[in-house]
Protein chains: 2
Amino acid sequence: MTVSKAAAVDATKASRAARKEPAEVDADGAALQLGELSELLGYSLKRAQLRVFEDFLCCVAPLQLTPAQFSVLLLLDRNPGRNQTEIANTLGILRPNFVAMLDGLESRDLCARMRSTNDRRSHIVVLTDKGRAVLARAKKLVAAKHEARLNELLGPANRAALLAMLARIASEF
Amino acid sequence: MTVSKAAAVDATKASRAARKEPAEVDADGAALQLGELSELLGYSLKRAQLRVFEDFLCCVAPLQLTPAQFSVLLLLDRNPGRNQTEIANTLGILRPNFVAMLDGLESRDLCARMRSTNDRRSHIVVLTDKGRAVLARAKKLVAAKHEARLNELLGPANRAALLAMLARIASEF
DNA sequence: GGTATTTGATATGATTGATAACAATTATCG
DNA sequence: CGATAATTGTTATCAATCATATCAAATACC
């Protein structure tokens, strides 16, 4: 996936106009035929996912948050008092990889690790005030710019149906 | 994305039963609340995409093909006489990264590079007989095991609607 | 109490994605 | 024609993601 923190710095450069479309014609007159590729669910899934993440990155660029970072903040806000392993597991992030991720958020004072009093092995991860503020702003940006555009493209009913099917695939496939 | 060639070797290990579900309960009784995360289209999109690729890898494991490799073979079959740049561009692969990918396929005798007679800079990429045979077998596996299961999960109408929306997002968002 | 497990962390490797640069070839245009 | 620009495949290189093994501290289990 292309959701680098570096890319977040100038995510606007990835705006639709300047970007090179995958199947775009190349001054050559004949675009290639996707053929059965367009019937492959996985292919369209990946393409759509890349596009959506790209737009997310762009919309939240002022706050310098990647989708993964945003999901961590959301989860921390919703589930106070949890440790690193619980947060990471819920998001499908491996514990070793979650360490550096938390380091990044903590160095920006968006969250903090606190030793648990019950179990002094675990670090309870808490949102800081700044973290809550950034999350609130991010939510607004996502709702107003990102999800709103998707709603506009698909229509509310289709969007809901899409979401339901994706969730179904993720959990029942 | 986790579609490594190494993973393809033992993709079966990723079968549903043995895998650790992201939001699975951890012997601890309380699963975390996803909250607004479950309303984020990008989140479900990514989750579904990972799951679908995982299953694809598993279904095509006997042929040792990743989704990306399969897409290249499909494209070569459908668009004979094209050079590396055209194939790579269509799939959204950067030219430098496509070199190693082609090396892999060519070393397995699934395709071959031929110098173009018109433009001696370009390499026309052609499917070999073995490539065509592997592609044919892969198509059957994908249709019978992979796409069939998705059809079963969603139903044909929903599957078509999902595909249409994803394609819409990929191309118009 | 002694062993096994869990938690956070480090190190490390593999894979993917992106950019710069280069040689060979071709296109452009004065 | 001939110089310059552009294109093609390639290499090198870097950043980011993902995965595994391992470790010390703390806890759980018998």
Side-chain angles (χ1 to χ4, degrees), chain A residues 1-11 13-14 18-20 22 26-28 46 49-50 53-54 57 66-69 71-72 82-89 91-104 106 111-125, chain B residues 1-11 13-14 18-20 22 26-28 46 49-50 53-54 57 66-69 71-72 82-89 91-104 106 111-125:
Chain A
M1 183 186 7
T2 305
V3 183
S4 62
K5 294 165 192 173
V9 177
D10 51 339
K13 79 167 178 182
R19 219 179 68 245
K20 181 73 183 171
D26 206 54
D28 181 281
K46 167 137 185 187
Q49 187 260 317
L50 287 175
F53 269 43
E54 193 177 35
L57 218 50
T66 65
Q69 290 172 326
S71 69
V72 170
R82 299 301 191 140
N83 64 25
Q84 296 184 198
T85 298
E86 291 172 315
I87 302 291
N89 278 345
L91 293 175
I93 303 173
L94 292 170
R95 272 66 74 215
N97 298 330
F98 191 57
V99 173
M101 179 156 187
L102 257 195
D103 288 347
E106 197 172 17
C111 66
R113 291 179 238 229
M114 290 177 23
R115 292 222 97 89
S116 167
T117 51
N118 310 340
D119 186 340
R120 280 169 30 207
R121 287 171 298 187
S122 29
H123 289 166
I124 303 305
V125 189
Chain B
M1 182 188 8
T2 305
V3 183
S4 61
K5 295 166 192 173
V9 177
D10 50 340
K13 79 168 179 183
R19 220 179 66 245
K20 181 72 183 173
D26 204 55
D28 180 280
K46 168 140 183 183
Q49 187 261 318
L50 288 175
F53 268 43
E54 193 176 36
L57 218 50
T66 66
Q69 290 172 325
S71 69
V72 170
R82 300 302 190 139
N83 65 24
Q84 296 185 200
T85 298
E86 292 172 316
I87 302 290
N89 278 345
L91 292 175
I93 303 173
L94 293 170
R95 271 66 74 216
N97 297 331
F98 191 56
V99 173
M101 179 156 187
L102 256 195
D103 288 346
E106 197 172 17
C111 65
R113 292 180 240 230
M114 290 176 23
R115 292 223 99 88
S116 167
T117 51
N118 311 339
D119 186 340
R120 279 170 31 209
R121 288 171 299 185
S122 29
H123 289 167
I124 302 305
V125 189

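Letters A, B, ... are given to chains in the order of the sequence lines, protein chains preceding strands, and every chain is numbered from 1.
Remark on DNA chain D: of its neighbouring residues B/N83 and A/P96, the 5'-side contact belongs to B/N83, judged by nearest-heavy-atom nucleotide.
Legend: residues meeting side-chain hydrogen bond (donor to acceptor under 3.5 Å, both in side chains) with A/D119, ordered by chain and number and at least two apart, are A/R121. With sequence neighbours excluded, no residue satisfies side-chain hydrogen bond (donor to acceptor under 3.5 Å, both in side chains) with B/R120.
Side-chain atoms of A/E106 come within 3.5 Å of backbone N or O of A/R113 as a donor-acceptor pair.
Following rounding to the nearest Å, B/I93 (CD1) and D/dT10 (P) show an atom-to-atom distance of 14 Å. Between A/F98 atom CZ and C/dT10 atom C1' the separation is 17 Å, expressed in whole Å. One interatomic measurement links the two molecules: CD of B/Q84 to P of C/dT25, which rounds to 16 Å at whole-angstrom precision. In this structure, A/M101 places its CE atom 16 Å from C1' of C/dG8, rounding to the nearest Å. The distance between atom CG of A/L57 and atom C1' of D/dA16, rounded to the nearest whole Å, is 13 Å. Regarding A/N97, its CG atom lies at a distance of 15 Å from the P atom of C/dT12, rounded to whole Å.
Side-chain nitrogen and oxygen atoms of A/K46 include at least one within less than 4.0 Å of the OP1 or OP2 phosphate oxygen of C/dG17.
For the segment residues 115-125 of chain B, residues with any heavy atom less than 4.0 angstrom from an atom of DNA chain C are, sorted by number, B/N118, B/D119, B/R120, B/R121.
Residue B/L94 has its side chain nearest to C/dA18 when only C/dA18, C/dA9, C/dA20 are considered.
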